[in-house]
Amino acid sequence: MKTLELQFTTAGGGMVTLAVADPIMPINAASVATAMDVIISRRIFDTPTGPIVGKKGVRLVDHQVSDIALA
């Protein structure tokens with residue numbers, strides 16, 4: 001399963017990550033940047049270290065799970 005992680009900075013100097021499960025592929029970097037700008041400008045989320053104030057980064061994480069049969 002793939003997860004898109006949007007990383008933001010907060011007013012208090014912290015960092016917060018918002019995870020989006022099963023993002024639409026391929027990732028459109030311009031659309032992601034625009035969505036992050038909307039999250040920042042509308043102050044949609046508040047965190048223990050204050051409101052989100054900036055973009056830090058974006059990561060696409062791919063988790064692969066393999067079951068192992070027990071003998």
Side-chain angles (χ1 to χ4, degrees):
M1 178 172 111
K2 292 184 180 182
T3 304
L4 186 66
E5 293 184 346
L6 311 177
Q7 300 172 324
F8 297 92
T9 56
T10 65
M15 188 188 96
V16 65
T17 301
L18 301 177
V20 179
D22 297 322
I24 296 171
M25 299 298 289
I27 301 299
N28 181 315
S31 294
V32 172
T34 299
M36 291 176 80
D37 288 337
V38 169
I39 290 169
I40 294 165
S41 68
R42 294 192 183 169
R43 295 185 180 255
I44 295 172
F45 299 102
D46 196 14
T47 74
T49 57
I52 293 173
V53 295
K55 295 181 277 192
K56 181 170 185 202
V58 179
R59 301 188 314 174
L60 181 62
V61 179
D62 191 358
H63 293 277
Q64 183 176 349
V65 177
S66 300
D67 289 328
I68 299 172
L70 295 175

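Any value given below was found using the heavy atoms of this structure, including those in side chains, with hydrogens, waters and symmetry copies removed.
For Q7, the side chain to side chain donor-acceptor pair (under 3.5 Å) test picks out no residue, with sequence neighbours left out.
Residues P23 and V20 come closest through the heavy atom pair CD-O, 3.8 Å. Taking all atoms of both residues into account, the shortest heavy-atom contact from A19 to T3 is CB-CG2, 3.7 Å.
Hydrophobic clustering, with ILVMFWY side chains joined whenever heavy atoms are under 4.5 angstrom apart, groups M25 together with L4. No single ILVMFWY cluster, assembled from side-chain heavy atoms under 4.5 Å apart, contains both M15 and V53.
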Kindly list each side-chain donor-acceptor pair under 3.5 angstrom involving residues 55-64, sequence neighbours excluded, with atom names and distances?
residue : atom : partner : partner atom : Å
K55     : NZ   : D37     : OD1          : 2.9
R59     : NE   : E5      : OE1          : 3.0
R59     : NH2  : E5      : OE1          : 2.5

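With F8 as reference, I52 is the one residue of T17, I52, T47 to meet the side chain to side chain contact (heavy atoms under 4.5 Å, CB included) rule.
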